[in-house]
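So that the names make sense, note that chain A is the first sequence line, chain B the second, and so on, each numbered from 1.
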Amino acid sequence: MKFEPVIGLEIHVELLTNTKIFCGCSTTFGAEPNSQTCPVCLGLPGSRPVLNKRAVEFAIRAALALNCNIVDYTTFDRKNYFYADLPKGYQISQYFYPTGTNGYVDINVNGETKRIRIHQLHLEEDTGKLLHVGDILASPYSRVDFNRAGVPLVEIVTEPDIKNSEEARLFLQKLRTILLYTGISDCKMEEGSMRCDANISIMPKGSKTFGNKTELKNMNSFRSVQRGIEYEITRQSKILKSNQEVIPETRHWNESKGSTTAMRSKYLASDYRCFPDPNVIPLETDKDWIDQIREALPELPDEKQARFVKEYGLPEYDAEVLTSTKELADFYDETVTLFNEPKTVSNWFMGELMGLLNNEKVEITQCKVTPQNLANLLQLIDKGTISGKIAKNVFEEMFKDGKDPQAIVEEKGLIQISDTAELEKVVEEVVEANPGPVEDFKGGKKKALGFLVGQVMKTTKGKANPQMVNKILGDKLK
Amino acid sequence: MEITKGNVEHVAELARLEITEHEKDIFTEQLSNILDYVEMLNELDTKEVSPTSHVVPLVNVFREDEIKEVLKKDEALKNAPEKEDGYFKVPRVIE
């Protein structure tokens with residue numbers, strides 16, 4: 001029997017606020033354990049949570065960027081369950097009225113646009129962090145750090161529109177790009193500021209009834225999300241093929257073993273006994289406030305990509321790569337305003353710039369080359385001061401120490417030789433020194449010309465103007 | 001509304017309460033009676049009434065996103081029955 005996977009994702013994203021959602025404790029990552037707590041986030045009796053305005057605005061901003069409708073009235077609700085990472089015995093979340101509903105994200109699957117619907121986005125507090133000696137299953141006890149307890153999170157829940165692990169990865173990447181554009185989170189999966197759980201079930205191909213689902217947790221990278229989903233699909237297929245039933249449960253992805261293990265039986269929604277927290281005052285939004293947040297949104301990846309195609313005449317592929325981060329796109333935009341040949345600039349970005357960034361593991365924000373310097377370099381090529389080939393070496397220098405290209409060219413004497421007399425002299429030397437290839441060329445072997453041009457370039461250390469060399473050589477050998 | 005002994009056991013489990021067989025019987029009966037009593041409210045037509053979550057007519061009480069003083073680490077850990085290297089120490093929980 002052939003099976004069809006049905007996958008929905010739940011993504012938790014920590015918001016880049018200075019303080020926690022209901023108290024003034026710092027949210028800085030990596031502080032000493034339990035050094036950023038107070039009676040509110042420790043759930044001590046008599047403490048009183050007060051909502052962080054910026055956290056609300058960030059949640060609304062994220063919901064707008066994901067094309068959601070924004071709620072006009074919402075309460076903050078207690079979700080009750082016992083777990084050691086939860087000091088109060090409940091988590092404050094938006095259970096009844098999420099901030100955003102009915103949104104979507106478009107992803108590009110093999111050149112086709114596929115829409116992944118967003119069921120909801122809600123605001124809640126993060127839990128503390130449990131640490132274990134080695135693997136959780138082997139650890140004799142847990143240690144708890146409550147620095148993270150109360151850090152504002154948005155949880156984004158997709159509809160079960162994802163069909164395989166590759167789509168899950170593409171969706172996560174796109175979601176991350178959008179959220180990074182909005183600036184609400186740094187979305188670092190390795191630091192846990194972006195976490196992804198997957199609800200996975202399988203059903204016979206063509207069926208309309210979903211199978212029992214498992215919720216997969218502890219996937220700490222895009223790669224492990226992909227691997228975890230694939231493992232779970234295979235595991236569930238085996239169970240169904242042997243005529244058994246998939247147990248609905250939460251499962252734990254073990255990265256080093258590459259497998260999943262049962263963690264706890266899944267709570268039913270009613271088991272959480274949710275009710276509005278009487279200590280947190282409800283939230284009301286109005287059109288003016290939402291419009292204000294909407295207007296402050298930056299141009300988002302899809303819009304930017306469309307503009308790059310329309311305004312700059314770039315191919316879709318270039319536009320997609322150049323808008324993959326806001327910083328790269330801004331760098332590109334600025335370079336084009338200084339050197340108005342969008343495709344030339346794009347080629348330099350996709351070839352030299354991104355190549356070096358990748359090789360040297362440098363972020364665009366730390367790149368020493370400025371848009372102005374890159375534009376200056378392209379002007380030097382344009383004016384014929386240096387050849388394109390030399391320009392690549394100059395660019396490497398610029399990348400290393402951030403110098404202006406003009407200075408590098410002068411310092412290293414790289415100015416292109418476009419003086420006819422000087423070039424004719426070199427050509428003559430090369431022709432005399434290489435009688436063989438000269439004969440070959442005259443005998444009809446056109447390829448021999450390339451060799452001779454190469455010799456001229458070598459003699460001039462790459463500084464000869466290639467077009468002129470071609471012409472002079474061609475004339476001479478006629 | 002009929003409450004079964006199974007319901008009582010489930011609720012006790014969610015609340016991490018240990019109760020005896022005898023208590024289960026008592027609570028089963030008492031909870032049924034309480035729910036029956038509350039069910040009287042269903043006689044009212046509440047179609048046009050929005051649910052009450054708060055009795056105080058307040059909305060949008062905010063804090064600005066400013067860092068305030070935190071507890072000292074040893075103060076935070078003061079009431080912990082067990083601690084280790086600045087962490088709260090708890091039994092490992094896996095079902």
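For the options B/Arg63, B/Lys73, B/Glu64, B/Lys68, heavy-atom pairs under 4.5 Å to chain A are most numerous at B/Arg63. When each of B/Asp85, B/Asn79, B/Val56 is scored by its heavy-atom pairs under 4.5 Å with chain A, the top score falls to B/Asp85. Comparing A/Asn18, A/Asp77, A/Asp277 by how many heavy-atom pairs each has under 4.5 Å with chain B, the most go to A/Asn18. Listed options A/Cys23, A/Pro278, A/Gly24 were ranked by heavy-atom pairs under 4.5 angstrom with chain B; first place goes to A/Gly24.
Checking A/Val50, A/Ile281, A/Val56, A/Asn52 one by one against B/Phe62, the side-chain contact (heavy atoms from CB on, under 4.5 Å) holds for a single residue, A/Val56.
No side-chain donor-acceptor contact under 3.5 Å links B/Glu82 and A/Tyr141.
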*asked:* One pair to check against salt bridge (Lys or Arg N to Asp or Glu O under 4.0 Å): B/Asp65 and A/Lys53. What are the steps and the verdict?
replied: CA-CA 7 Å; B/Asp65 186 23; A/Lys53 188 175 188 187; over 6 Å; no
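In this structure, CZ on A/Arg143 lies 15.5 Å from CZ on B/Arg92, to the nearest 0.5 angstrom.
Put simply, the side chain of B/His54 never gets that close to the backbone of A/Thr75: no donor and acceptor are under 3.5 Å apart.
The part of A/Tyr73 that comes within reach of chain B is its side chain, from C-beta onward, which places non-hydrogen atoms under 4.5 angstrom from that chain. Of the two parts of A/Leu15, neither the backbone nor the side chain holds a non-hydrogen atom closer than 4.5 Å to a non-hydrogen atom of chain B. Contact of A/Cys41 with chain B is not made at all, since no heavy-atom distance falls under 4.5 Å. Only the backbone of A/Phe22 comes within contact range of chain B, with at least one heavy atom under 4.5 Å from a heavy atom of that chain.
Considering all non-hydrogen atoms of both residues, A/Asn34 and B/Leu77 come closest at ND2-CD2, 4.2 Å. B/Pro51 approaches A/Tyr97 most closely through the heavy-atom pair CG-OH, 4.3 Å. Among all heavy-atom pairs drawn from A/Ser142 and B/Pro91, the shortest one is OG-O, 4.1 Å.
Within the 4.5 Å cutoff, side-chain heavy atoms of B/Asn60 are placed close to those of A/Leu283. Using a 4.5 Å heavy-atom cutoff, the side chains of A/Ser26 and B/Val70 are not in contact.
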